[in-house]
Amino acid sequence: MRYLNKLRTVFFALAMLALTATVAQAATKIHWYGQAAFKIETPSGGVILIDPWLTVPTNPDKNSIAELAKVDYILITHGHRDHVGDALEIAKKTGAKVLAPYGLGFNLVSVLGFPKDQVMTGGNVGGTIDLPAAGAKVTIVNAIHGSELTAPQLPQPAPGQPAALTSGNPVGYVIEIKGGPTIYHTGDTAAYEDMKLIPMFHHIDLMLACIGGYFTMDPAGAALAVQWVKPTHVIPMHFGTFGLLAGTPEEFSAALAKRKLAGKLIVMKPGEDRSF
Ligand SMILES: [Zn+2]
């Protein structure tokens, strides 16, 4: 009987350990490199990069690309070079699948030389795409912006040829992670009223919102977007990388406070991690 009790105690302890391990594994880790570049590590062990400009000057870690061991998916919101970033080098190094809006996907292969078998069939706004290796699915949403390909690999324009190639629609991504948060990366966008549709389809736990202004929402616009999207938390991005992106987290905090939304704000620094 005493032996049975001991066995029961051991079993109970093992069960608690297993439970603790499960809970510990369940966190989703978010890393911000700077600008619009994030790494998401999912509870199933998947790794997703979004707009991976890892050599962004504000990233304090100059070895970020070398340190990447495994990447399952690279999501690119539009063709501008601060968003395509280092995707080609990372795709070649890791074998990651690359998802971009429909037209951009073609140009990644034909113009920039991405490996054809790694570029997924580009989706488009309104579509939802499975990311099985990361235990996630992604819904593509609108972004009010441009998507010209302006990467340095573009061939020098000949007379009469365009200097920037049209490359599909600019988009944002809503990533639903199994056993983890639903994350909305706005891409580069203005605040637009159809953002009100997003919470009708998804509860957004975490919104990654551009606030720099000039090319995108400024802090006041981003605060209005937060009111419409209703996320639990918002992390500002796409500011301070260079002088034109003048919006600050302090201004964003004040703009959120005016709308009684200040409690949602989480400010990260480039190079930092957060778990959700
Ligand atoms: Zn940008």
Side-chain angles (χ1 to χ4, degrees), residues 30-40 48-59 64-65 74-90 98-101 103-105 107-108 111-112 114 122 125 138 140-154 163-175 183-192 195 206-223 225-226 229 234-249 251-252 267-271:
I30 311 285
H31 181 87
W32 187 38
Y33 295 101
Q35 195 68 340
F38 288 86
K39 178 171 69 179
I40 301 172
I48 301 169
L49 293 182
I50 310 173
D51 286 353
W53 186 22
L54 273 50
T55 52
V56 55
T58 50
N59 181 4
S64 289
I65 296 177
I74 299 170
L75 274 45
I76 302 175
T77 60
H78 62 287
H80 296 166
R81 58 204 285 184
D82 57 320
H83 297 261
V84 176
D86 304 297
L88 177 60
E89 184 179 347
I90 297 165
V98 180
L99 181 66
L104 177 56
N107 285 346
L108 291 180
V111 180
L112 299 188
F114 276 62
V125 176
V138 59
I140 305 177
V141 300
N142 210 358
I144 307 292
H145 195 64
S147 186
E148 309 83 6
L149 202 59
T150 58
Q153 300 95 322
L154 268 189
L165 285 182
T166 307
S167 289
N169 300 319
V171 303
Y173 289 116
V174 175
I175 304 163
I183 300 169
Y184 169 35
H185 186 294
T186 63
D188 279 5
T189 187
Y192 59 90
M195 282 178 170
L206 179 62
M207 178 171 170
L208 310 172
C210 48
I211 67 156
Y214 201 95
F215 303 102
T216 72
M217 300 190 282
D218 62 7
V226 169
V229 173
V234 61
I235 292 175
M237 62 164 177
H238 211 272
F239 64 89
T241 312
F242 40 87
L244 288 177
L245 307 183
T248 65
E251 291 166 352
F252 187 39
V267 177
M268 289 182 75
K269 290 195 172 73

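Order of listing sets the numbers, starting from 1, for every ligand and every atom in it. Positions are given from 1 along the sequence.
Atom OH of Tyr214 has 12 or fewer heavy atoms from other residues, nucleotides or ligands within 6.0 Å.
With Phe239 as reference, Pro249 is the one residue of Pro219, Pro249, Cys210 to meet the side-chain contact (heavy atoms from CB on, under 4.5 Å) rule.
Distances from the Zn ion (ligand 1) to the N/O/S atoms of Asp188 are shortest for OD2.
Asn59 and Ser64 share a donor-acceptor pair across their side chains, judged by distance under 3.5 Å alone. There is no side-chain donor-acceptor pair under 3.5 Å between Asp188 and His80.
The Zn ion (ligand 1) has no N, O or S atom of His145 under 2.8 Å away, backbone or side chain. Among the backbone and side-chain atoms of Asp82, an N/O/S atom is found under 2.8 Å from the Zn ion (ligand 1). At least one N/O/S atom of His238, whether from backbone or side chain, sits less than 2.8 Å from the Zn ion (ligand 1).
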